[in-house]
Amino acid sequence: MSYSPKEIENKWQTKWSEQEAFEPKDDKSLKKKYILSMFPFPSGRLHMGHVRNYSIGDAMARYYRKQNYNVLHPIGWDAFGMPAENAAIKHGRHPKDWTYSNIAYMRKELKTLGLSFSETREFATCDELYTKWEQEFIIKMFEEKLLYRESTTVNWCEECHTVLANEQVEEGCCWRCDNEVELKEMPGYYLDIRKYADELLEDLKLLEGKWPSQVLAMQSNWIGKSQGLEFAFKLSDASKEKLGNKFEGFEVFTTRPDTIYGVTYTALAPEHPIVKELIKNELLDAEVIEKITAISNMTEVERAKAGKEGFDLGIMVIHPLTNEEIPVWMANFVLASYGGGAVMSVPTHDERDFEFATQYNLPLKYVISGDLESEASAPNKAYTGEGTLINSQEFNGMKNSEAKAKIIEEFEEKNLGKGTTNYKLRNWGISRQRYWGAPIPFVHCESCGLVPEKVENLPIALPEDVEITGEGNPLENHPTWSTCACPKCGSDAKRETDTLDTFVQSSWYQFRYATDPKKWNECGIDKDDVNYWLGVDQYIGGIEHAILHLLYARFFTKALRDVGFIEDLKEPFENLLTQGMVLMDGAKMSKSKGNTVDPDALIEKYGADTARLFTLFAAPPQKELEWNDSAVEGAFRFIKKLYDRRSKVGSNELPSIDHASLSKEEKLARAKVYEALQKSVDVYEKTFAFNTLIAACMEALNALDKQENEQVWTEGLYIITHLLEPIIPHVCTELSEELFASKNLAGKIAILEEVFVQDSITLGVAVNGKRRAEIEVDAGASKEEIIAMAKESIAKWLEGKNVVKEILVPNKMVNLVVK
RNA sequence: GCGGAUGUGGUGAAAUUGGUAUACACGCCAGACUUAGGAUCUGGUGCUUUACGGCGUGGAGGUUCGAGUCCUCUCAUCCGCACCA
């Protein structure tokens, strides 16, 4: 009978499901592995990226299951989010209906891939039961002051009609729709991720060697820790008066306290309260006010593109050490969101300050001498290197690296300022003005203010009777939903209509999977279960989540720990593999480019095993995968060949073979088989270079084909189907059942060292490091014999020369150094 | 600019501690079987040279008996961040 993937795959998928073959066991004394692929958004259909992601995870899960580990390998649905609402607008379908029917379809698709997921632990994040527990966490975080509501400038996407977190803005545009993001002042809920900035940064060290260095670097940059001096500039008396005595001065932050004597002006962001006050009281020219207002309405990206622009604000501050009066400017490059929105400017030693000072003719004062001569001759740029302090009173002559600490000390002693740490990371804005999300469980009461909902009333579920038009927030527009009683005083109140960012759901799903589904009604996260299963031993997903999801989930883990929902756990994802993209003609597969391959069609034509084999064979998982139709054919051919060779098997046991009595070809075949077996441990547990393991199995099969010994064939297929079962499970399980009564799929197979002993060995012979010949020597040949043979083989290279050194690399080569 | 990676045949890619560069596969070429084949099987396939040989892992140096692998410099490409004071 020829290879019929459909028949075999149906048979085993049905069996696995009936036998509940992939459910983790309750016994916590077993050694465990938690293998997690990032869960999909139920967009409607699987794409090749999913196939790749889940093929990688499934290979690992099946490997460890076979090694008798208790394996948790779950799947679920990241089900809230904008596309559901867009579908509603476009096709008039309710987001809930759209989402759950997509899930039903994609669940079937996953099944046809033969993935070994737990079926009892599946959930969708839009399930009300999931929302319920998430709302409880949110309320607890509010009570513990990790969550707050405030009105501030936010990133607004008009297209998506919602606020975006800082992480969700890419080059000034919305991460989802690419629309340009606007700035808008509005209230919203924030999680205090900044409180964890240092811990998030420090704990990256725990992940070194376990996460890709690129992801670690990206997170570290994103957190953006810098150390320096924070101090206040006091306004001059005249300036203070000008501002109606409302301000004493303003705080600035610098990482270069060593250049403090070089300050020749200061600059404020257009949003700075002092600038606002000047505008409010019309203390600036009408034209200037107009221009500053225009800058305030620009996004950061627009400001950066526009070039430097600034205005003298007509006020002065006092230098804290020299007591000189220094002018205050507004500058468009000063960020309101960092370092208090104000800077001290040292044009001689900071490139931006230099550019600005040159543009507006502001004075320069050198305070660090690096290379004095070139400075004098070409003061056309800032000197940002190391050097010695000059023009800096008692600090003159000090190395600038040393002066940093000394000057901070000076400020601290005189009570003028203090050493401090700043982060680029901003707090996580989690409000979304959209319908298809988890409602934020708070109530606005006129007398009590912001009040969290009572936990016993959770979940606060979404109303189903909504009109989704794309205009405004459907919850806001709902006639009755937001009307409620205040949980505290009982008077009429209004329910919060913002919903939670979908990244909140994906920040704790790894704990939900770990929680025994029998407890899902009683708690969101079970501590004991989490203690047993977490951290995730291997997490697999796309690099695009390097900052967003992976940073949020790390933070949420620490926050959940601190508010008491999980016990001591530093990091949720112990090891991370970021898989490469699937490409077609060098470009990422995408519907809009029309260069996609439909997994359903692929499976229909070749079967799931071929799809999986190609995916894992064509490139190592970390690299990009270039699609190639004829290579898919090649994968199919290999499986057919493997299936066809089952007629060579003579018994259902691993035979015991008298190795010494075998022919050369038979010995070689055995060696190839065992080489693959030897390689498999490293591949499955460390390198994940499945492509090399598959290649080794192909080599083994090629070698087996060159001999006819039935015992060698039996042993070979016993081991090859054992090795490939995690990758092409259907055909291997089928062969294993038919040929070996499934014995080769339980436990380990021992490596027999004897098979690596060959009758003869082929050695390369090099002269002065250049390969010149090849010799075949007896396995037991002595060094002298080998060298003698080597010399003979390259006799023509030795004419008239002397061998000065003989190097024998056992089993590899001989190198003769001649003169 | 800062940070992270990657450069090996026509293509995807291999290569323990430095030890026969190009395994495995795709493609291509030739042959076999076929009425036929875009099916299957077998063999060949780094470049160059009539040959002996020479040259080959982005480039230039270095260490070494020996370098894809280690060191220094350099070029190119990709990705992320980007006026963060």
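Here is the naming used below: chain letters follow the sequence lines, and residue numbers restart at 1 for every chain.
Taking the P atoms as reference points, B:U74 lies 28 Å from B:C55, given to the whole Å. With both ends at atom C1', the span from B:G68 to B:G46 equals 15 Å, rounded to whole Å. Across B:G1 and B:U45, the matching C1' atoms stand 47 Å from one another, rounded to whole Å. Between the P atoms of B:C33 and B:G27, the separation comes to 23 Å (whole Å). Taking atom C1' in both B:G61 and B:U50, the straight-line distance is 37 Å, to the nearest Å. Taking the C1' atoms as reference points, B:G66 lies 8 Å from B:G18, given to the whole Å. Taking the C1' atom of each, B:C47 and B:C79 are spaced 33 Å apart, rounded to whole Å. Taking the C1' atom of each, B:U57 and B:A67 are spaced 11 Å apart, rounded to whole Å.
If you look at A:F617 and A:F638, their ring centroids are not closer than 6.0 Å. Here A:W428 and A:F503 keep their ring centres 6.0 angstrom or further from each other.
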Take A:Y684 and A:F690 through the test ring pair (Phe, Tyr, Trp, His ring centres under 6.0 Å) and record every step on the way to the result. CA-CA 8 Å; A:Y684 281 116; A:F690 302 111; 5.8 Å; yes
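When the P atom of B:C78 is taken as reference, atom CD of A:Q214 falls 15 Å away, rounded to whole Å. What separates OH of A:Y423 from P of B:A85 is a distance of 13 Å, to the nearest Å. Rounding to whole angstrom units, CG of residue A:L625 and C1' of B:A13 are separated by 12 Å. Note: NZ (A:K791) to P (B:C65) measures 18 Å, nearest angstrom. Rounded to whole angstrom, the span from the CH2 atom of A:W627 across to the C1' atom of B:C26 amounts to 14 Å. For the pair A:D258 CG and B:A85 P, the interatomic distance rounds to 13 Å; values are reported in whole Å. A:E355 has its CD atom 17 Å from the P atom of B:A85, to the nearest Å. Rounded to an integer number of Å, the gap from CZ of A:F250 to C1' of B:A85 is 13 Å.
Between A:R612 atom CZ and A:L724 atom CG the span is 11.5 Å, to the nearest 0.5 Å.
Judged purely by atom type and a 3.5 angstrom limit, A:N332 uses its side chain to pair as donor or acceptor with the backbone of A:E309. Formation of a donor-acceptor pair under 3.5 Å by the A:R645 side chain with backbone atoms of A:L642 is not found in this model.
Each of B:C26, B:G53, B:C83 was ranked by its minimum atom distance to the side chain of A:A304; first place goes to B:C83. Of all nucleotides listed (B:G3, B:A5, B:U40), B:A5 comes nearest to the side chain of A:S213. Minimum atom distance to the side chain of A:V343 is reached by B:A85, of the listed B:G27, B:A85, B:G53.
More than 12 heavy atoms of other residues, nucleotides or ligands sit less than 6.0 Å from atom CD of A:E776. A:E792 CD: 12 or fewer foreign heavy atoms inside a 6.0 Å radius. By the neighbour-count criterion of 12 heavy atoms within 6.0 Å, atom NZ of A:K641 is densely surrounded, having more than that number from other residues, nucleotides or ligands.
Checked for salt-bridge contact, A:E806 and A:K783 miss the test: no charged N lies under 4.0 Å from a carboxylate O.
Here A:G634 lies in heavy-atom contact (under 4.0 Å) with sugar-phosphate atoms only. Using a 4.0 Å heavy-atom criterion, one finds that A:V334 contacts the bases of the nucleic acid, with or without backbone contacts as well. Within 4.0 Å (heavy atoms only), A:P212 reaches no atom of the nucleic acid at all.
When all heavy atoms are compared, the tightest approach of A:L701 to A:I720 is N-CD1, 4.1 Å.
Of the two residues contacting RNA chain B, namely A:A635 and A:M218, the nearest-nucleotide position lying further toward the 5' end is that of A:A635.
Regarding the sugar-base torsion, B:G54 falls in the anti class, its angle being beyond 90° of 0.
A donor and an acceptor atom sit less than 3.5 Å apart, one in the side chain of A:K308 and one in the base of B:C83.
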Using a 4.0 Å cut-off on protein heavy atoms (strictly under), produce a 5'-to-3' string for nucleotides 19-24 of chain B with B for base contact, S for backbone-only sugar-phosphate contact, and - for none. BBS-BB
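In RNA chain B, the stems built from three or more successive Watson-Crick or G-U pairs (distances below 3.5 Å) are B:1-7 with B:75-81, B:10-12 with B:24-26, B:27-32 with B:40-45, B:46-48 with B:53-55, B:58-62 with B:70-74.
The side chain of A:R637 places an N or O atom within less than 4.0 Å of a non-bridging phosphate oxygen (OP1 or OP2) of B:C26.
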